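Each chain gets a letter, A, B and so on, in the order the sequences are listed, and its residues count up from 1. Note that the coordinates shown come from a computational prediction; the quantities given were computed from them, not determined experimentally.
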Protein chains: 4
Amino acid sequence: MSNHGAIQDKRIEILEAAALIFAGRGYAAARMDDIAEAAGVAKGTLYLYFQSKQELFVSLLESRSEEYVQTVTAWLADCKTVTECIHVLVTLRGQFFVKNQRLAESVSHSVPGFPKDLQIRVWNIRRGLEKPTIKLMQRILPENYPVEPALVAAVVNGAIDYSVGSYLLDDRRVNLEKVARDLEFVLGPGLQEK
Amino acid sequence: MSNHGAIQDKRIEILEAAALIFAGRGYAAARMDDIAEAAGVAKGTLYLYFQSKQELFVSLLESRSEEYVQTVTAWLADCKTVTECIHVLVTLRGQFFVKNQRLAESVSHSVPGFPKDLQIRVWNIRRGLEKPTIKLMQRILPENYPVEPALVAAVVNGAIDYSVGSYLLDDRRVNLEKVARDLEFVLGPGLQEK
Amino acid sequence: MSNHGAIQDKRIEILEAAALIFAGRGYAAARMDDIAEAAGVAKGTLYLYFQSKQELFVSLLESRSEEYVQTVTAWLADCKTVTECIHVLVTLRGQFFVKNQRLAESVSHSVPGFPKDLQIRVWNIRRGLEKPTIKLMQRILPENYPVEPALVAAVVNGAIDYSVGSYLLDDRRVNLEKVARDLEFVLGPGLQEK
Amino acid sequence: MSNHGAIQDKRIEILEAAALIFAGRGYAAARMDDIAEAAGVAKGTLYLYFQSKQELFVSLLESRSEEYVQTVTAWLADCKTVTECIHVLVTLRGQFFVKNQRLAESVSHSVPGFPKDLQIRVWNIRRGLEKPTIKLMQRILPENYPVEPALVAAVVNGAIDYSVGSYLLDDRRVNLEKVARDLEFVLGPGLQEK
DNA sequence: CATGAATGAGAGTTCATTCAT
DNA sequence: TATGAATGAACTCTCATTCAT
């Protein structure tokens, strides 16, 4: 029997610890020592599972976004009306944003200095986070809707993230139910079939 | 005659150089040596005008956002219809985003690890960037509009930034005219008086 | 088996190297690079054993003074007459002064600019170096001796250090035997029981 | 008429300011900016009067020790008995030590790294500070006194400095009268003619 | 697989000194 | 003489990475 499972377990433990540390202090201020301690392993062990601090960071982003994409894709498959869909999107993407706020921030701060291959992986992550929304727009918008689905998706995602962010900026607790209703009111009319 | 002007000039030269370097490599990867070289001054000179790298960074953010806020406030004062206003907002905020992409990403996020006083300055910058849009919404939305102006502003700003960002992410040239028309089409209906 | 011993060894090696460098150039002119090179370790290694240059310096003072205090305390316990005691004191304190001339000068003075906690440690070192002499004076001076033992100790220690220092100032080799005899002659009469 | 006097005045003002700063923070932590500000002149002006920070420091030591030497020489010329002489010495040298404690400390810390010519000047200062005491001992000790006057002087000076220092170490106010009486009691018997 | 002591390049910052005005 | 903005060498300290055990 292979110990593949055990290896995966430790990998995941490290990622969890890394999430904690990165979210707490941001990428630059996070030290590998701290991550190792939080994960309960020695510093050298980190390098058995990840090539570098940068690679660990990108891997974490990938793991979190994968999780999100899977969940949101599954939920969106079931929803019928535009209203319902916006509700699902706001709720799930909002949760993701709340949970990973600092990670998302760190991306823009730190990635510019990363090597090309990691930059591409980050690019794919960003793209991946947009995809479920784009697919949704392709499904619900009328054939002759004059705006590209990708741009509509950008509009909707931007609206969600900034709405949630406006709460977080003031350290107010986010009421996703209310945000969903508000966004339905603002965005709904522009997205409905005529 | 005082040399106040000359001092301001050099301060601005340094800020320009810093913008170049920070935008090119991100905050963490930017080295004070590089900024000094780009500004054509010695490293030590940077510290005559700014207390630290962090303070230089925040000062840069402040300078750029002030510029934006003044311009956009002036333009919005003159526009009448919702359509026109959205057009102005998209154009100016879009320009700002294109020009300061990397910096804007930094602004729209807190800067973990910075000392308290600088964090507050960043918080004020972020708040400041929202203000013109909020004021606009207070002006153009009907009395009984059921969503807070601040949240509508977040929606609109998010929509703009992400729309522009979706072009930049793919390294495509941004057509702000087109973005403006698209956003008017998507957001317009939800913002019109009933 | 623990590697406690090995760790202590390296700590001591670093202290020896630091003693060499500090004594050679004085605290301010001593560079951490030099100490590292003298100790045969990398610069970063110094910081595994000591928190800062200042802390390394104070630790060195502590280690040297501890050594001295233990030795002198043991020897003084056995001596009987005033003459004998002065002889022991001059010999041991003189040796200490010769060996640690530069350090001793530092010890006998506060270290302006150091953080509070390190200042306190230095203060304790200075106090510690006086203690054996004070205890001795308490033992050998008559009950009704009109001068405080602490001040008599200061007199004796000052006399010893300056006597030895007067040789070192001229780069003459110190003859501790002779210094002891001379000090017995000068100080003896004033310390004898009446 | 030459402006020699005015030049001397500014030189002295700078020395006074330097004394303040050096005494307050120690040599290494004292910055030329601070000295310039305290003296009420521009930084560059310091270099019109002194070649370097090191040279300024040594000049200050010289000026202070000259003052002391002149005063003590004058006073000692008049005193007759050993008791009286010790009293004068303790008072004047004690005052000097109290006033210049920090400067004296700084010497041992900083001078090791100074260039040769300044080291020699410091050496001369140290020697100069001993001279009045040595001359005194040559005068008052009997012809056949078996200890060199220079060493007796070292003993006496060490005793004075450490006695005063033992007060300062504890931040107690020094009572020079009492110290003088105590030292007369301890040192007197060994110095009297037989 | 796991460890953690050791490494050393590289960072931000300081400050004595200079020199054009 | 006097200035003070500018310099840049030199410093301490950090921390991602390695490798002998």
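- Within the 4.5 Å cutoff, side-chain heavy atoms of C:I125 are placed close to those of C:V58.
- The aromatic rings of D:F57 and D:F22 lie perpendicular to each other, with more than 60° between the two planes, well past the 30° mark.
- To the nearest angstrom, C1' of E:dG12 lies 16 Å from CZ of B:F57.
- Among E:dG12, F:dA16, F:dT3, the nucleotide with an atom closest to any side-chain atom of A:Y47 is F:dA16.
- Going from atom CG of A:L46 over to atom P of E:dC1 covers 15 Å, rounded to whole Å.
- The side chain of B:L48 has F:dA6 as its nearest neighbour among E:dG12, F:dA6, E:dG4.
- Rounded to whole Å, the separation between the C1' atoms of E:dC1 and F:dT21 comes to 13 Å.
- F:dT7 atom C1' lies 11 Å from atom NZ of B:K10, rounded to whole Å.
- A donor N or O paired with an acceptor N or O is found under 3.5 Å between the base of E:dT13 and the side-chain atoms of B:K43.
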Residues 111-118 of chain A, side-chain donor-acceptor partners within the protein, below 3.5 Å, at least two apart:
none

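- One can place CZ of A:F114 at 12 Å from P of F:dA16, the figure rounded to the nearest angstrom.
- Using a 4.0 Å heavy-atom criterion, one finds that A:A30 contacts the sugar-phosphate atoms exclusively.
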- Message: Could you write out DNA chain F as dot-bracket? Rules: Watson-Crick or G-U wobble, both distances under 3.5 Å, brackets [ ] for crossings, | for pairs with another strand, dot for unpaired.
- Response: .||||||||||||||||||||
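- We find the CG-CD distance between B:L46 and B:E55 to be 12.0 Å, quoted to the nearest 0.5 Å.
- Rounded to whole angstrom, the span from the CG atom of A:D33 across to the C1' atom of F:dT18 amounts to 14 Å.
- The phosphate of F:dT7 (OP1 or OP2) has a side-chain N or O of B:T45 nearer than 4.0 angstrom.
- The side chain of A:M32 has F:dA16 as its nearest neighbour among F:dA16, F:dT12, E:dA2.
- Atom-to-atom, CD of B:E13 to C1' of F:dA5 comes out at 14 Å; the value is rounded to the nearest Å.
- Computed from coordinates, the C:K53 NZ to F:dA10 P distance equals 15 Å when rounded to whole Å.
- Here the side chains of A:F96 and A:E67 are not in contact, with every heavy-atom distance at 4.5 Å or above.
- Computed from coordinates, the C:R31 CZ to F:dT12 P distance equals 8 Å when rounded to whole Å.
- Cation-pi contact between B:R121 and B:W123: absent, since separation from the ring centre below 6.0 Å together with deviation from the ring axis within 45° is not met.
- Of the candidate nucleotides F:dC15, F:dT17, E:dG8, E:dG8 has the atom lying nearest to any side-chain atom of C:A42.
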- Test log, rule salt bridge (Lys or Arg N to Asp or Glu O under 4.0 Å), inputs A:E16 and A:R64: CA-CA 10 Å; A:E16 292 302 326; A:R64 289 301 165 107; 3.4 Å; yes
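- Within 4.0 Å (heavy atoms only), D:Y49 reaches sugar-phosphate atoms of the nucleic acid but no base atom.
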